[in-house]
Protein chains: 2
Amino acid sequence: MTEIRQPSPRRGTNLPRMGDFNLTVILDAIRRSPAGLSRVELARIVGLSPQTISNISRRLLDQDLIYEAGKEGTGPGKPRTMLRLKSSGMYAVGVHLDPAVTTFVVLDLVGAVVKHSRIKTPGGSDPGAVIDTIAAEIKQLVTESGVDPARIAGLGIASPGPIDLEEGTVVDPPLLLGWDRVPLRDALAEATGLSTIVDKDVTSAAVAETWAGGPSGAGSFVFMYMGTGIGCGIVLNDEVVRGTSGNAGEIGHIIVDPDGAPCDCGMRGCVKSTCIPQVLVARAVEAGVLDGSVEAVTGPAIQESFTALCAAAAAGDARAEEIIDHSAVLVARAVSTITNALDVDRVVFGGPFWTCLSQWYLERIPELVREGSATRKIHEIEVVGTGVGEDVGAIGAACLVLEHTLAPRSQRLLLEG
Amino acid sequence: MTEIRQPSPRRGTNLPRMGDFNLTVILDAIRRSPAGLSRVELARIVGLSPQTISNISRRLLDQDLIYEAGKEGTGPGKPRTMLRLKSSGMYAVGVHLDPAVTTFVVLDLVGAVVKHSRIKTPGGSDPGAVIDTIAAEIKQLVTESGVDPARIAGLGIASPGPIDLEEGTVVDPPLLLGWDRVPLRDALAEATGLSTIVDKDVTSAAVAETWAGGPSGAGSFVFMYMGTGIGCGIVLNDEVVRGTSGNAGEIGHIIVDPDGAPCDCGMRGCVKSTCIPQVLVARAVEAGVLDGSVEAVTGPAIQESFTALCAAAAAGDARAEEIIDHSAVLVARAVSTITNALDVDRVVFGGPFWTCLSQWYLERIPELVREGSATRKIHEIEVVGTGVGEDVGAIGAACLVLEHTLAPRSQRLLLEG
DNA sequence: TTAGGGGTATCAGTGACTGAGATCCGCCAG
DNA sequence: CTGGCGGATCTCAGTCACTGATACCCCTAA
């Protein structure tokens with residue numbers, strides 16, 4: 001295990017850093033406005049003078065990241081020239097590595113999926129084989145997409161945790177056999193020739209929300225990732241919280257039901273032992289809602305059974321309704337633990353298992369979260385579904401690259417040592 | 001309750017902001033080095049050029065915030081001139097409002113307590129009377145301190161939550177009767193003529209640690225505030241997490257014992273119903289460790305009984321040891337919930353009840369937190385006691401002012417709208 | 001057709017950082 | 001005791017990015 005690092009002191013900033021930061025601020029403002037923004041609007045929004053906006057706009061136009069999308073205006077005065085993001089200005093490749101299925105996307109600058117594919121993750125315990133398969137699929141996807149490789153800013157990987165962000169390694173995830181400190185980032189960088197970033201799957205999902213999620217991805221929020229496991233991404237003031245090693249968002253052992261099932265951690269009633277799809281499916285079998293035993297607990301089998309469970313609940317099966325409802329109560333408790341600790345005012349739900357849960361959960365969870373909020377007299381807590389879709393992991397992986405390259409993170413201003 | 005605010009987009013930065021930020025970066029580096037730093041050392045640490053360091057050092061010397069503290073060097077070459085923080089360069093007044101006792105400090109630039117006082121918080125349900133009393137005490141303290149009022153940067157208030165940070169109000173804290181949306185910041189600003197900041201007590205404690213806590217106050221950490229209630233301050237990358245309304249750190253309803261006592265929130269085994277001093281004292285009475293019944297549950301009475309309980313444990317009373325030990329196990333679970341969610345690698349304990357817990361807790365909690373860590377294969381989690389002392393709340397309140405004025409927060413770089 | 005208002009570009013100035021060179025200071029060798 | 005050397009700090013002039021003021025452009029309304 002690594003030595004505890006003495007955090008480096010704050011670094012200063014300089015003129016090139018400042019210019020670079022302001023450029024990303026302007027690009028970000030344009031990115032968040034699908035209809036585009038004029039220079040005078042940009043000046044008002046970001047606080048820089050009109051001619052700074054002109055200077056920087058010129059540079060963005062030269063770099064082909066934005067374009068002039070016509071004029072707008074009805075009163076006296078010169079019509080405004082609308083500046084919009086040029087979707088073909090930059091691309092990123094995203095890969096979501098899941099023990100069962102690996103998803104690939106090529107994303108454009110706006111955050112739209114230009115190309116998509118999905119393969120079954122090779123089994124066994126040979127990470128090298130998996131990496132080779134992934135690299136081959138990436139190359140094929142890029143070729144098929146027709147995208148100019150020079151326009152591809154890089155490759156992002158959403159991986160199951162735990163990870164070591166600084167080393168770029170995956171460290172013994174629960175459902176990936178043989179993945180003992182696998183240097184995934186460097187291996188894929190070498191195999192593909194693309195600049196590569198690895199991040200945890202729930203963090204990638206949160207980045208997807210900030211980049212491509214619309215209004216729900218702004219400011220501060222918690223992203224509840226409903227997957228094979230349940231985790232959360234944390235975004236505070238438009239900046240994703242990753243933590244010391246990249247593993248923030250580990251909530252599997254929050255106790256949400258004192259009377260709940262025993263957990264492998266020694267406690268009982270944890271999120272992991274009461275709320276995850278596999279547990280709900282088992283309860284459904286036990287209650288006779290679903291047929292037979294579910295022995296194969298692979299992702300696809302669980303997803304199929306889980307979808308059936310949700311369909312039963314939607315069709316009015318009282319037992320199925322009770323199972324889903326009870327899980328909503330428990331998930332809401334986990335949410336409250338996090339929202340109370342961080343004092344955020346928005347919770348976004350997403351992940352591969354979210355779609356069939358969304359109707360029930362959005363009906364129940366907002367009120368439960370409100371009741372559990374320590375700040376309910378001060379502000380509401382908005383609970384919404386993701387604006388991104390089910391491939392939030394892979395889209396998020398690609399967004400890691402776009403965020404790294406273009407997001408106006410305050411870290412961008414600081415000199416590197 | 002307030003409407004949900006649309007988060008404002010990121011603002012840009014400009015030259016004056018940049019200069020101001022770099023000045024605070026240099027001041028911060030000097031502040032963190034009690035022995036002082038030379039210009040060449042500063043250049044290396046913050047990444048700015050030697051003549052920028054010279055320019056900014058000149059300005060700090062002119063503002064009387066630092067001084068040249070002699071020369072150092074043994075080899076060839078001109079000896080280095082050591083620059084040190086001038087403790088008398090700036091002062092701040094801090095007040096920790098507690099339902100039982102209100103503590104006052106005047107803090108100098110280094111973070112040393114220049115003057116200190118304590119009064120019994122007036123009872124009843126008239127916030128106005130409390131405010132008047134506090135203002136009078138502040139004026140007297142400043143006068144007695146002999147500090148030049150022109151050197152006082154402002155007044156910080158550490159208040160029990162919940163608070164509305166934007167409005168500067170205190171919103172119905174559990175143990176302050178009649179405090180229904182009291183505009184504490186503006187009232188005290190007007191009564192004292194000092195620029196005033198209000199923050200939650202646990203957040204103030206965390207700010208104290210970052211400012212005056214030494215190495216344990218750097219980087220990212222969670223500050224466990226052991227008070228009448230148990231809360232936590234959160235610091236990520238040297239920046240305190242306050243949350244949407246200033247109420248981050250609310251952990252009273254994390255479930256840490258599925259078999260624990262019922263809580264007023266409807267659950268059982270919460271931090272609030274199992275770990276707080278009042279609960280431990282009640283258990284001690286029940287177990288015969290302490291005499292009689294504890295009916296008066298005021299702060300001082302609880303503190304006295306709690307000290308007796310800890311003394312009994314330290315003296316070898318097995319029942320007392322069991323009570324304290326069990327609470328350590330439970331507190332460690334709450335800590336793990338937060339450290340896993342945020343992936344931090346340091347936990348700092350402090351608060352008025354910390355001193356007598358420290359020996360037992362520092363013996364037990366590190367290993368428990370390590371076992372409960374999802375990232376134990378990647379990094380350790382350091383568990384330490386505060387470097388500030390018991391008046392961490394009041395010191396933190398004063399540090400709010402110093403932090404607001406001098407800390408190199410990235411927010412300082414951004415233009416205001 | 002002209003005036004006016006709003007939007008954008010241009011010009012020259014400002015603020016802060018920085019590369020290069022000068023000056024200062026102390027140690028060490030001759 | 002003196003001069004050379006290396007390191008620290010200061011000075012000079014240049015660079016970069018932002019900005020106030022002004023000019024130009026464009027459209028509507030009278």
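Chain letters run A, B, ... following the sequence lines, proteins first and then strands; every chain starts at 1.
The side chain of A:Ser54 lies closest to C:dA9 when the candidates are C:dG15, C:dA9, C:dG7. If you check C:dG26, C:dA9, C:dG15 against the side chain of B:Lys71, the one that comes closest is C:dG26. With D:dC18, D:dT19, C:dC25 as the choices, the nucleotide that has an atom nearest any side-chain atom of B:Lys78 turns out to be C:dC25.
Backbone-only contact: A:Asn22 has heavy atoms under 4.0 Å from sugar-phosphate atoms and none from a base. Counting any heavy atom pair closer than 4.0 Å across all strands shown, B:Pro79 reaches sugar-phosphate atoms only and no base atom. When heavy atoms are screened at a 4.0 angstrom cut-off, A:Ile53 is found touching no nucleic acid atom at all. Note on B:Pro16: only backbone sugar-phosphate atoms sit closer than 4.0 angstrom, heavy atoms only; bases stay farther off.
In this structure, the side chains of A:Leu107 and A:Ile395 come closer than 4.5 Å at one or more pairs of heavy atoms. Two residues are said to be in side-chain contact when any heavy atoms from C-beta on lie closer than 4.5 Å; A:Glu403 and A:Val240 meet this criterion.
In this structure, the CG atom of A:Asp20 is 17 Å from the P atom of C:dC17, given to the nearest Å. Atom CG of A:Leu48 and atom P of C:dT8 are 15 Å apart (whole Å). What separates CG of B:Leu413 from P of C:dA16 is a distance of 13 Å, to the nearest Å. A:Gln51 places its CD atom 13 Å from the C1' atom of D:dA23, with the value rounded to the nearest Å. Distance CZ (B:Arg44) to P (C:dT18): 17 Å, rounded to an integer number of Å. Atoms CZ (A:Arg58) and P (D:dC18) sit 16 Å apart, rounded to a whole Å. Atom CG of B:Leu414 and atom P of D:dC18 are 14 Å apart (whole Å). When the P atom of D:dT9 is taken as reference, atom CE of B:Met82 falls 9 Å away, rounded to whole Å.
A salt bridge does not link A:Asp343 to B:Arg242: none of the charged side-chain nitrogens sits closer than 4.0 Å to a carboxylate oxygen. The pair A:Asp20-A:Arg412 meets the salt-bridge criterion, with a side-chain N (NZ, NE, NH1 or NH2) lying under 4.0 Å from an Asp/Glu carboxylate O.
Place A:Arg39 and A:Gly77 on DNA chain C by their nearest nucleotides, and A:Gly77 ends up nearer the 5' end. Where A:Leu15 and A:Asn55 each meet DNA chain D at their nearest nucleotide, the meeting point lying more 5' is that of A:Leu15. Comparing B:Pro76 and A:Glu41 against DNA chain C, the residue whose closest nucleotide sits nearer the 5' end is A:Glu41.
Distances shorter than 4.0 Å separate some side-chain N or O of B:Thr52 from OP1 or OP2 on C:dT18. Phosphate contact (OP1/OP2 of D:dC16, side-chain N/O of A:Asn14, threshold under 4.0 Å): absent.
Scanning all heavy atoms of the two residues, the minimum distance from A:Gly111 to A:Ala212 falls at O-CB, 4.3 Å.
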